[in-house]
Protein chains: 2
Amino acid sequence: MAMKLDEDEGITMSQPKMTDVAKLAGVSPTTVSRVINRRGYLSAKTINKVEAAMHQLNYRPNTVARQLQSQKTMTIGVLVPTVANPFFGELTFQLEHYLFNAGFKVLVGNAENDIGKERRYLQQLLARQVDGLVIATHNHQQQIPEYQNANLPIVSIDRYLRATIPNVSSDNYAGGRLATEELIRRGAVHIIHTDSVERFNKRDYLRQQAYQDVMREHGLTPVTYKIDFNSRPDRLQAFFNRIFDEHPEVDAFFTSNDMDAIQLLQVARQRGIAVPDQLQVIGYDGVPTTTQIVPELSTIVQPLDEMAKTAVDLLQREIRGDQVAGSHKLPVKLRVSGSLR
Amino acid sequence: MAMKLDEDEGITMSQPKMTDVAKLAGVSPTTVSRVINRRGYLSAKTINKVEAAMHQLNYRPNTVARQLQSQKTMTIGVLVPTVANPFFGELTFQLEHYLFNAGFKVLVGNAENDIGKERRYLQQLLARQVDGLVIATHNHQQQIPEYQNANLPIVSIDRYLRATIPNVSSDNYAGGRLATEELIRRGAVHIIHTDSVERFNKRDYLRQQAYQDVMREHGLTPVTYKIDFNSRPDRLQAFFNRIFDEHPEVDAFFTSNDMDAIQLLQVARQRGIAVPDQLQVIGYDGVPTTTQIVPELSTIVQPLDEMAKTAVDLLQREIRGDQVAGSHKLPVKLRVSGSLR
DNA sequence: GTGAAAGCGCTAACAG
DNA sequence: CTGTTAGCGCTTTCAC
């Protein structure tokens with residue numbers, strides 16, 4: 001029956017608040033607040049009384065009220081194209097992991113490559129609902145004015161937003177060089193690079209730039225195809241089939257992400273092209289989940305773990321008031337597997 | 001220079017509030033509030049003045065203050081094992097999609113199969129920081145007392161939490177039957193079922209139950225192996241190798257999820273077992289991303305889209321005060337592909 | 001050691 | 001059509 005106490009007293013009562021606890025414990029709300037926050041001098045007796053009362057009422061301090069008072073939400077907004085994509089799923093996971101350890105919660109939004117949705121998220125989140133923002137979407141920043149006059153700590157992932165917004169990415173230039181040089185070293189000559197169309201700034205073209213530089217240094221002709229990141233599988237397959245038709249001499253691909261590389265491997269199999277003997281492939285990303293599913297794919301591994309850690313670190317510094325603009329590049333490494341000979 | 005107005009006035013000013021707008025527009029805060037919320041009668045002139053002032057100050061109403069006043073956060077907490085897993089990534093995506101359309105934001109937490117972390121999330125979120133919760137984690141609910149006295153709308157996904165908490169799942173029994181019957185129909189006799197160890201309630205055993213029922217109906221001997229959902233790839237491979245060693249006669253598998261099925265296919269390839277000629281495989285989940293990556297896998301497709309929609313619908317009804325307990329099962333379908341002969 | 005009063009930014013109730 | 005007042009639940013001065 002003692003166990004029923006809460007219900008007896010509380011079944012009709014809405015959520016208890018501080019004054020309820022204070023009344024039950026026979027102290028003032030201020031004292032209850034002090035006990036919760038362990039602030040100031042308190043007698044052991046008072047602490048016990050208050051804690052007993054809180055327990056009895058199953059009291060939880062109202063987070064929103066504390067947020068209003070403290071002017072902090074301890075929440076970070078994370079905007080990605082979609083967490084359904086393994087890359088952004090892993091990124092979101094890593095961000096949440098580090099943010100949680102730093103005391104923050106995560107509000108996620110899938111922009112779904114919809115500029116309108118991204119803007120609506122920004123409008124809501126910029127209204128002091130979060131203490132900061134991590135932006136990993138792909139939409140054209142110039143169509144999203146909110147980024148220009150945003151007055152909140154922001155970190156972008158692998159994307160240029162504004163001079164004063166720090167950006168975290170893998171070392172795209174090094175990755176592009178690494179992939180291209182490796183393919184050449186292994187005998188490839190007709191190497192095609194596929195890249196995303198969603199790049200709107202020179203700083204976002206570094207993989208392609210590296211590929212072209214390396215090709216030219218070796219006296220080879222660079223060929224780059226642009227892929228729409230949103231392409232459904234069937235359109236992707238048609239896309240790769242077209243490349244094979246237009247370039248029957250191709251003996252290697254460097255794709256801008258692993259999902260594309262995987263589609264490419266399927267098309268190659270359908271066309272009876274042997275990998276790696278006739279065709280070598282290197283992707284980009286190296287997300288653990290994808291690697292687990294398709295271990296034979298060679299790829300440039302982005303250190304998503306370190307990238308998330310860096311992003312969280314930068315964000316915390318921004319929140320503290322530091323200036324931390326600039327491009328933060330993390331080292332990549334090559335994962336050699338069955339798609340290389 | 002007119003473009004610089006904001007900065008001239010606002011560079012040193014912190015975030016403007018309603019009184020700032022009111023002062024600039026020469027009205028009371030209440031009127032500003034009315035304009036924002038389009039409530040009551042307002043003269044066109046006043047609306048214009050206020051909107052001009054809001055625009056000039058780049059004013060955004062403080063969300064937290066509104067939340068405190070309205071006693072609503074329009075935010076839903078979503079707890080999953082990890083969004084890095086394609087199944088939960090897709091689930092989270094779908095949930096966010098429907099929640100956004102219903103006006104809600106999403107706070108995600110990765111429980112990481114850590115009971116402590118799941119509890120800390122619950123303690124925080126139950127403190128009125130969200131208007132409801134979607135629980136898709138795998139931890140043992142009996143080790144998480146918060147679920148028993150949680151005083152907030154909750155929906156669970158494919159998992160029993162408490163009698164009064166509605167649960168959404170695919171029709172696991174039908175799915176188990178469908179898979180097993182299909183394998184038998186296609187000539188399999190020694191069919192092994194692998195299932196997750198993270199099932200703590202009879203209601204969570206329906207796939208296994210269906211498998212066993214069908215096997216017995218056909219005079220076959222059911223063999224179920226339990227897998228730890230968290231197993232790293234190498235441990236999973238060792239696990240499947242052990243099964244092959246212990247049951248060299250096996251000619252089909254029905255696995256409890258596609259990731260396991262994919263590892264199984266890799267082990268079969270390593271051992272030189274031909275799929276589907278020597279071994280047929282049916283997985284469970286049928287997430288679009290996974291299907292795109294491994295199209296040859298046959299599987300029972302869960303309608304994640306419909307499940308998310310249903311969960312959001314139930315949650316909204318709970319928030320309105322309706323009683324909506326019970327188990328909500330959605331129909332599955334078989335996807336036939338290369339791993340079936 | 002503890003309490004009373006003011007205020008975080010907004011909106012609902014009540015006037016006028 | 002618009003303003004004044006009070007209050008959402010908490011914390012932070014400032015007293016005592």
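Numbered from 1 within each chain, the chains take letters A, B, ... in sequence-line order. These figures come from a predicted structure and were not determined experimentally.
At a cut-off of 3.5 angstrom, the base of C:dG7 holds at least one donor-acceptor pair with the side chain of A:Q69. You won't find any donor-acceptor pair under 3.5 Å spanning the side chain of B:S33 and the base of C:dA12, going by distance alone. The base of D:dT4 sits with one of its N or O atoms less than 3.5 Å from a complementary donor or acceptor on the side chain of B:T30.
Rounded to a whole Å, the CD atom of B:Q67 is 12 Å from the P atom of C:dT11. Whole-Å rounding puts the B:R38 CZ to C:dT11 C1' distance at 16 Å. One atom, CD1 of A:I36, and another, P of D:dG9, lie 14 Å apart when rounded to the nearest Å. Atom P of nucleotide D:dT11 and atom NZ of A:K17 are separated by 14 Å, given to the nearest angstrom. For the pair B:K72 NZ and C:dC10 C1', the computed distance is 15 Å after rounding to whole Å. Protein atom NZ of B:K23 is 14 Å distant from nucleotide atom P of D:dG3, rounded to whole Å.
Between B:R66 and C:dT11 there is a side-chain polar atom (N or O) within less than 4.0 angstrom of OP1 or OP2. The shortest distance between the side-chain N/O atoms of B:Q71 and the OP1/OP2 oxygens of D:dG9 is below 4.0 Å. Proximity of B:R128 to the phosphate of D:dG9: no side-chain N or O atom is located under 4.0 Å from OP1 or OP2. Between A:N62 and the phosphate of D:dC8, there is no side-chain N or O to OP1/OP2 separation shorter than 4.0 Å. Between A:Y59 and the phosphate of D:dG9, there is no side-chain N or O to OP1/OP2 separation shorter than 4.0 Å. Remark: B:R34 is not in phosphate contact with D:dT2, judged by side-chain N or O atoms under 4.0 Å from OP1 or OP2. Distances shown here put a side-chain N or O of B:T31 below 4.0 Å from the OP1 or OP2 atom of D:dG3.
Looking at B:E146 and B:Q123, their side chains do bring a donor and an acceptor atom within 3.5 Å of each other. Using modelled atom types and a 3.5 Å distance limit, the side chains of A:R66 and A:N37 yield a donor-acceptor pair.
When distances are taken from the side chain of B:L68 to each of C:dG9, D:dT11, C:dG3, the shortest belongs to C:dG9. Proximity note for A:T46 (side chain, C-beta onward) versus D:dT4, C:dC10, C:dG1: the nearest is C:dG1.
Contact annotation for B:V27: backbone-only contact, meaning every heavy-atom pair under 4.0 Å involves sugar-phosphate atoms and none involves a base.
Between the side chain of B:D131 and the backbone N or O of B:M74 there is at least one donor-acceptor pair closer than 3.5 Å. A distance-only check finds a donor-acceptor pair linking the side chain of A:R159 to the backbone of A:N139 [under 3.5 Å].
Ranked by how close their nearest DNA chain D nucleotide is to the 5' end, B:S70 and B:S43 are led by B:S43. Toward the 5' end of DNA chain C, the nearer of the two residues A:Y41 and A:P29, judged by each one's closest nucleotide, is A:Y41.
Between B:A308 and B:Q94 the shortest heavy-atom distance is CB-CB, 3.4 Å.
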